[in-house]
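The structure appears below as structure tokens.
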Amino acid sequence: RRLSIQRVAYDTLGVDDLKFELDRTEKGAKVLLTINPDSSDNFYRIGANLVADSIALKNGFTFQFADTMVLNGKQWYYGDSCAINSDVEGITFREFKLYRDEKVIQLEKDQSDSPLNIIARNFPMHALTGMLNTEEKVFNGIINGQVSLNNDGSFEGEGDITTFQIFGADFGTLSWKASNENNNFKTFISTTGDHIDLVLDGNIIPQNDSLSALDLDIKLNRFDIQLLEKLVANNIDKASGILSGDIAIEGTTASPHLSGFLRFKDALIRPTDLNAGYAMKDEQIEITPTGLKFNKFSITDKNGSNLSI
């Protein structure tokens, strides 16, 4: 069977020339996905053998790579046993390792209830995230490090993403470090650069196999509002000023409670298709567990008229 889609697009996402082929085999099917085959830069080709327990796949399947793999126009390699397995308990990864030159990404999950361990060396994010948008880089950066993701929402590991970008907006270096100390996961995440300075620090405390209590604090020392021009380019034509704040996160991973504030300083935002922007000289939004609170939050238009909330 063959399925071809010339273009799929939504807002700022766009994928060109997507083709999906499926040929039945004795034990399942051979599948092939290609994206943008006429381009040398953002061409994707992923083929695999799908071995299923039944036609309905209700009890699981094995997805084993079995073709030349091309990610973002570059050939990548994998071992003969590289596979994704699924059963009634969940998904596991078997010898899942993709590599090219000195670039590596590896996923380890021996049992469905075990942590997902991700290891990366000099791995370019766009090699995978480019499948979300073949026209523009959604996420970009180089990943080095390791992280183990637990089912209760906690994680362990250390690493960073350098030259981290979202839709071309520069977020500097994103780094993380987390360790388990007496079943208390001390967690530190930061992103620092010319346009942003953000730190998340605190503790994640497991309560059971699928739930953790939260005691975290986010300090947003600086966010250049100009970044919105790239992050939401279809909605914001021009933006300037500084956003800062402090947000505490408590509660649990299933029901987090947020409290704190966000402050706009000398901010100006001009929506797309409007001739004028809206200014916020020095305004603050309060964040509570029940929602947002505005206390005489003032927005000024180009004529000097104020809207107070």
Side-chain angles (χ1 to χ4, degrees), residues 84-87 89-98 104-123 125 128-129 139 141-166 171-193 196-223 243-262 287-291:
I84 303 172
N85 298 98
S86 171
D87 57 27
E89 300 295 330
I91 292 178
T92 58
F93 294 90
R94 186 182 71 204
E95 299 183 30
F96 190 101
K97 179 180 179 181
L98 309 181
V104 177
I105 188 164
Q106 186 172 345
L107 277 63
E108 301 172 350
K109 188 175 175 69
D110 298 331
Q111 299 179 353
S112 58
D113 58 351
S114 62
L116 171 60
N117 190 33
I118 304 172
I119 302 170
R121 294 198 310 272
N122 302 318
F123 183 76
M125 293 183 68
L128 294 179
T129 62
F139 297 100
I142 305 298
I143 309 175
N144 281 282
Q146 177 270 337
V147 61
S148 292
L149 305 176
N150 302 312
N151 295 329
D152 56 25
S154 62
F155 71 93
E156 296 178 77
E158 183 175 0
D160 59 40
I161 304 175
T162 55
T163 60
F164 181 44
Q165 293 184 339
I166 303 177
F171 280 75
T173 297
L174 172 67
S175 60
W176 67 89
K177 184 177 182 179
S179 59
N180 183 357
E181 299 181 12
N182 298 321
N183 208 36
N184 181 357
F185 288 83
K186 293 190 174 296
T187 305
F188 179 88
I189 301 173
S190 71
T191 177
T192 56
I196 189 169
D197 181 3
L198 179 148
V199 174
L200 180 149
D201 194 11
N203 302 292
I204 301 176
I205 307 100
Q207 305 297 295
N208 54 46
D209 291 340
S210 60
L211 185 73
S212 290
L214 302 175
D215 181 17
L216 302 169
D217 184 66
I218 298 176
K219 292 188 182 300
L220 179 58
N221 299 311
R222 177 189 181 92
F223 176 85
L243 178 67
S244 60
D246 195 336
I247 302 172
I249 306 176
E250 299 176 325
T252 67
T253 48
S255 180
H257 297 159
L258 278 63
S259 60
F261 69 90
L262 291 173
I287 301 171
T288 73
T290 57

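Since the structure is predicted, the reported quantities are computational estimates derived from the model, not experimental observations.
Annotation: side chain of D217 is not in contact with side chain of D201 (no heavy-atom distance under 4.5 Å). At least one side-chain heavy atom of L149 sits under 4.5 Å from a side-chain heavy atom of V147. The shortest distance between side-chain heavy atoms of N203 and K186 falls below 4.5 Å. N144 has its side chain within reach of N122: a pair of non-hydrogen atoms, C-beta onward, lies under 4.5 Å apart.
Summarising the geometry, atom NE2 belonging to H257 is positioned 12.0 Å from atom CD1 belonging to I249; distances are rounded to the nearest 0.5 Å. L220 CG to L198 CG: the interatomic distance, rounded to the nearest 0.5 Å, is 5.5 Å. Expressed to the nearest 0.5 Å, how far CD of E156 lies from CG of N117 amounts to 9.5 Å. Distance CD1/I189 to NZ/K177: 13.5 Å, rounded to 0.5 Å. For the atom pair CD (Q165) and CZ (F139), the distance works out to 12.0 Å, reported to the nearest 0.5 Å. One distance of note links CD1 of I91 with CG of L116; it measures 10.0 Å at 0.5 Å rounding.
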Requested in this report: Go through the steps to decide whether F164 and M125 satisfy the test side chain to side chain contact (heavy atoms under 4.5 Å, CB included), and finish with yes or no.
Outcome: CA-CA 9 Å; F164 181 44; M125 293 183 68; 4.0 Å; yes
Report task. Begin with the C-alpha distance, continue with both residues' side-chain angles, and end with the deciding distance and a verdict on side chain to side chain contact (heavy atoms under 4.5 Å, CB included) for L200 and T187. Result -> CA-CA 8 Å; L200 180 149; T187 305; 4.2 Å; yes
**Report entry** Full working for side chain to side chain contact (heavy atoms under 4.5 Å, CB included) between I218 and D246
**Finding:** CA-CA 6 Å; I218 298 176; D246 195 336; 5.8 Å; no
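N183 CG: more than 12 foreign heavy atoms inside a 6.0 Å radius. Residue R94 places its CZ atom among more than 12 non-hydrogen atoms of other residues, nucleotides or ligands, all under 6.0 Å distant.
Screening N150, T92, N151 for a side-chain contact (heavy atoms from CB on, under 4.5 Å) with D113, the sole residue that qualifies is N151.
Ring planes of F171 and F223: tilted class, angle from 30 to 60°.
At least one donor-acceptor pair under 3.5 Å links the side chain of D152 to the backbone N or O of S154. In terms of modelled atom types and a separation under 3.5 Å, the side chain of T253 and the main chain of S212 share a donor-acceptor contact.
Side-chain contact of S175 with T173: a donor-acceptor pair under 3.5 Å is absent, judged by distance alone.
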